[in-house]
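Quick caveat: nothing in here was measured; it's all calculated off a predicted structure.
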Amino acid sequence: MREYLLTLCITAAVTYLLTGPVRKFAIVAGAMPEIRARDVHREPTPRLGGIAMFFGLCAGLLVADHLTNLNQVFETSNEPRALLSGAALIWLIGVLDDKFEIDALIKLGGQMIAAGVMVVQGLTILWLPVPGVGSVALTQWQGTLLTVALVVITINAVNFVDGLDGLAAGMVCIAATAFFLYAYRIWYSYGIEAAAPATLFSAILMGMCLGFLPHNMHPARIFMGDSGSMLIGLVLAAGAISVTGQVDPDALNLYVGSEKEAVHQTVPVYIPLLLPLTIIAVPAADLILAIVRRTWRGQSPFAADRGHLHHRLLEIGHSHSRAVLIMYFWSALIAFGALAYSVNSASMWIVLGVVFLSAIGLLLLLLPRFTPRAPRWMERFVPPRYRRRGAVAALSPEASTPASTADQPAPAGAENRPPVVSGVAGGNGATAIGPRSRLADRRKAGTR
């Protein structure tokens, strides 16, 4: 555990220290695109944060290669080299997209090539544990197609959710933490060496996200861009591929009996990793909804819009920070709920706890719909947003202004100033007067 923590800390430190110089480089290089219709930020912000994250990945792998216990991962497996090869390719494509905004189909092709590079070097799914059947061996083509599909789905799911400051990095960090606990349990508790690469990948991924988050929290000073979002999506998928289809269920020795019975009993452990929809359930749901929504409108699935989950949270009245925290909450609930269920699937307390926390999450989600109003006799003692509109107008200083002042001429230049509307959010969220701001109607964002 100490070597994993050391690798995590080195990765986080390198990512954190390099993000500042990378930000200056992005500004000089002109990687500050204009604000698009679907963007939430109000000022041009540099991208290319994925450069610092990639060098953090390289530093983590380099340190792990020189540690006593983790060095065995590099000696017995080619998966770290496969990950580095695929990550370098997808990172290069992301850097070009952050600077020149390449076509979506070209990026999709690059993602498939990066997944193919990892498959060629041995990072692939060999077999799948199927309930009631046992371990089903996959042919080379089946394993390749399933691996490529898993990589592409995970990369695009993370890329789609990267719409608010700190959202993608925080959600992937939560998923990586849950994945690390699962993989470390298999590797340490049951002595399954095949789970060691996945444990290392998730520890490095946690360090990449933790090192970048201080620069990316609202208001963000730099964005990770596609060079970062596609990179962390690929690392997350590589961890799932490494442990899924590599660990024999009978090797766990959890249950006595045939292989079919062992697979059937360990379904809660393996199902979350076949297609890591529970680990990245929120991004995957956003991806599926976006494809269905755009296809229904007759648009390309890659056409940009303002219909993502984080956009909807802002529309119903949540502030930027609260929307991010709500997405964090749901990601942690699903990821750690699946992790707890895989440890003890017979416990009813786990199910009840997940249901109770889900109810709290729904309440927080719909909180702007239930704006409390104070009684009239208390309106003078509560913040303005809890008063009725008539009371706000009666208590406002403008209501008591003498009529003579209204006839006075306005100061020079006042006619050119934009009116200040009560309740409209400023640059850092909602104000204390009036209801929270609502975003404008969704506009179609054209692709370049």
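Judged by distance alone, the side chain of W91 and the main-chain N or O of G228 form no donor-acceptor pair under 3.5 Å. Judged by distance alone, with hydrogens and angles left aside, the side-chain atoms of S77 form no donor-acceptor pair with the main-chain N or O of F74 at under 3.5 Å. N159 contributes no side-chain N or O that, together with a main-chain N or O of M230, makes up a donor-acceptor pair within less than 3.5 Å. With hydrogens and angles ignored, the 3.5 Å screen pairs a side-chain donor or acceptor of D98 with a backbone N or O of D226.
Of all the heavy atoms in G56 and T11, the pair that sits closest is O-CG2, 3.2 Å. Closest heavy-atom contact between T7 and L70: OG1-CD1, 3.5 Å. The minimum heavy-atom distance between A183 and A195, with the atom names listed, is O-CB, 3.9 Å. For the residue pair L231 and M53, the shortest heavy atom distance occurs at CD2-C, 4.0 Å. Pairing each heavy atom of P46 with each of R23, the nearest pair is CG-CG, 3.8 Å. Pairing each heavy atom of V158 with each of G233, the nearest pair is CG2-CA, 3.9 Å.
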Derivation and outcome, side chain to side chain contact (heavy atoms under 4.5 Å, CB included), residues D97 and S227: CA-CA 8 Å; D97 181 66; S227 59; over 6 Å; no
CA sep, side-chain torsions, deciding dist, call: I232, M224, side chain to side chain contact (heavy atoms under 4.5 Å, CB included): CA-CA 10 Å; I232 60 178; M224 68 172 64; 4.0 Å; yes
Check against side chain to side chain contact (heavy atoms under 4.5 Å, CB included), T177 and M206: CA-CA 7 Å; T177 303; M206 291 167 57; 3.7 Å; yes
Pair K107-I93, side chain to side chain contact (heavy atoms under 4.5 Å, CB included): steps then yes or no: CA-CA 7 Å; K107 288 193 295 183; I93 296 173; 4.3 Å; yes
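The CD1 atom of I51 sits 10.5 Å away from the CZ atom of F54 when rounded to the nearest 0.5 Å. Atom-to-atom distance recorded for S331:OG and I326:CD1 is 12.0 Å, nearest 0.5 angstrom. Taking CG of L62 as the reference point, atom CG of L57 lies at 11.0 Å (rounded to 0.5 Å). To the nearest 0.5 angstrom, L108 atom CG is 10.0 Å from I113 atom CD1. To the nearest 0.5 Å, atom CD of residue Q111 and atom OG1 of residue T154 are 10.5 Å apart. One distance of note links CD1 of I241 with CD1 of I125; it measures 5.5 Å at 0.5 Å rounding.
In summary, of the residues considered (L84, T124, L234), a side-chain contact (heavy atoms from CB on, under 4.5 Å) with M118 occurs for L234 alone.
Proximity of V235 to I204: side-chain heavy atoms (C-beta onward) are nowhere separated by under 4.5 Å. No side-chain heavy atom of V151 sits under 4.5 Å from any side-chain heavy atom of I90. Using a 4.5 Å cut-off on side-chain heavy atoms (C-beta onward), N156 and V152 make contact. Side-chain contact between I222 and R47 is absent, with no heavy atoms from C-beta onward closer than 4.5 Å. A heavy-atom distance below 4.5 Å is found between the side chains of F356 and I360. Counting only heavy atoms from C-beta outward, the side chains of F201 and F180 never approach each other to under 4.5 Å. By the 4.5 Å heavy-atom criterion applied to side chains, F55 and T15 are not counted as neighbours.
The aromatic rings of Y182 and F179 are tilted relative to each other, their planes meeting at an angle between 30° and 60°. Relative ring orientation between Y16 and H215 is described as tilted, the plane-to-plane angle lying within the 30° to 60° band.
Counting non-hydrogen atoms of other residues, nucleotides and ligands closer than 6.0 Å to CZ of F25 gives a total of 12 or fewer. Other residues, nucleotides and ligands contribute over 12 non-hydrogen atoms within 6.0 Å of the CE atom of M217.
A donor-acceptor pair shorter than 3.5 Å cannot be found between the side chains of D165 and N216. Side-chain contact check for S85 and Q121: at least one donor-acceptor pair (N or O, by modelled atom type) lies under 3.5 Å.
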